Amino acid sequence: MKILVFTEKPFAQAAVKAIENTINASGNELLLVEGGTREDLLEAVKEAEGLIVRSDKIDGAVMDAAPKLKVIVRAGAGYDNIDLEAATAHGICVMNTPGQNSNAVAELVFGMAVMMCRNQYNGKSGTELKEKSLGIYAFGQVGRNVARIAKGFGMRLEALDTFVPDAVMEGEGVKPVHTPEELFSENDFVSLHIPATPQTRKSIGYDLMMKMPKGGVLINTARKEVIDEEGLMKALEERPDLRYISDIKPDTAEEFEKRFASRVFFTPKKMGAQTAEANFNAGVAAAEQTIAYLKNGWNKFQVNK
Ligand code: 3PG
């Protein structure tokens with residue numbers, strides 16, 4: 001059977017080789033399209049029974065163009081790029097690969113935090129992470145890795161996650177809090193790990209930012225959609241001590257950069273999961289999951305109904 005790997009942002013070469021070996025060894029055939037356009041996707045998907053993607057937008061039109069498609073695996077955690085309802089209507093199983101790239105994202109959180117504390121390495125005196133407090137918004141796979149690394153920096157930790165029992169956080173030396181207001185008002189840094197859903201859309205804005213202690217830093221390695229950009233700008237305007245660093249460029253990035261210069265930073269392209277290790281882990285997991293579904297309907301990580 002044909003398995004299409006379509007990635008606008010390519011995996012590391014070693015990961016691609018490993019995916020290819022895994023697919024070949026299973027007796028299936030790899031179709032590889034890297035850095036392609038939507039037209040390329042619509043053409044390539046025609047023959048595919050399995051599809052592996054990253055943040056690439058997969059909507060009903062892609063599925064219409066893919067009459068043989070049985071399974072889509074998102075090599076990564078967030079699946080907000082895939083139209084789940086359309087997939088269900090087309091009888092297609094959608095899975096993600098939870099945990100496979102979470103360490104990479106968590107490490108970037110600290111790369112970003114240090115960068116901000118050291119004034120983007122401009123030579124001026126900065127501050128340290130030790131003994132500062134970090135609020136982790138969502139205590140899933142990435143959030144837990146963030147907690148593990150933060151302990152090495154000597155940070156105090158709080159987390160908010162309504163799906164995780166307090167005892168689990170306490171067991172990892174993290175103080176549970178139960179409202180976003182507590183999380184923002186009690187921490188020098190807040191790191192976002194919530195998914196983009198109708199409930200979280202634009203949920204982080206003026207009110208929460210204004211609650212942060214002096215010098216507060218918001219770190220976003222989650223999704224741009226969870227930010228109310230207008231509200232965040234208003235808070236940055238009124239509080240010259242606040243800072244925002246994000247691995248996902250806001251829609252209004254140029255305005256942020258023009259108005260707040262050294263107090264904001266955005267990576268040019270989402271880089272959280274862009275490591276050789278994360279590409280390898282998520283890519284091979286996606287290949288194995290696709291093969292297993294095509295072979296015997298294995299669907300442990302299915303995310304659509
Ligand atoms: C994820 O949801 O797994 C991360 O945001 C990584 O996304 P990417 O594969 O597009 O880099």
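We count ligands from 1, going down the list as the structure has it; atoms in each ligand are counted the same way. Heavy atoms only: backbone and side chains are in, while hydrogens, waters and symmetry mates are out. The structure presented is a predicted model; accordingly, all values stated were derived computationally and were not measured.
Counted by atom type alone, Glu238 and Tyr206 present one or more donor-acceptor pairs between their side chains at under 3.5 Å. Side-chain atoms of Asn81 and Ser55 include no donor-acceptor pair closer than 3.5 Å. For the 3.5 Å distance criterion, the side chains of Asp166 and His178 qualify, holding a donor opposite an acceptor.
Using the six-membered ring where Trp is involved, Trp298 and Phe301 have ring planes that are perpendicular, over 60° apart on the 30 and 60° scheme. In this structure, Tyr244 and Phe256 have tilted ring planes: the angle between them lies in the 30° to 60° band.
Listed as neighbours of ligand 1 are Lys9, Arg54, Ser55, Arg74, Gly76, Ala77, Gly78, Asn101, Arg223, Lys270, Ala273, each bearing a heavy atom under 4.0 Å from the ligand.
Under the rule for a side-chain hydrogen bond (donor to acceptor under 3.5 Å, both in side chains), the partners of Lys17 that lie at least two apart in sequence or sit in another chain are Glu20.
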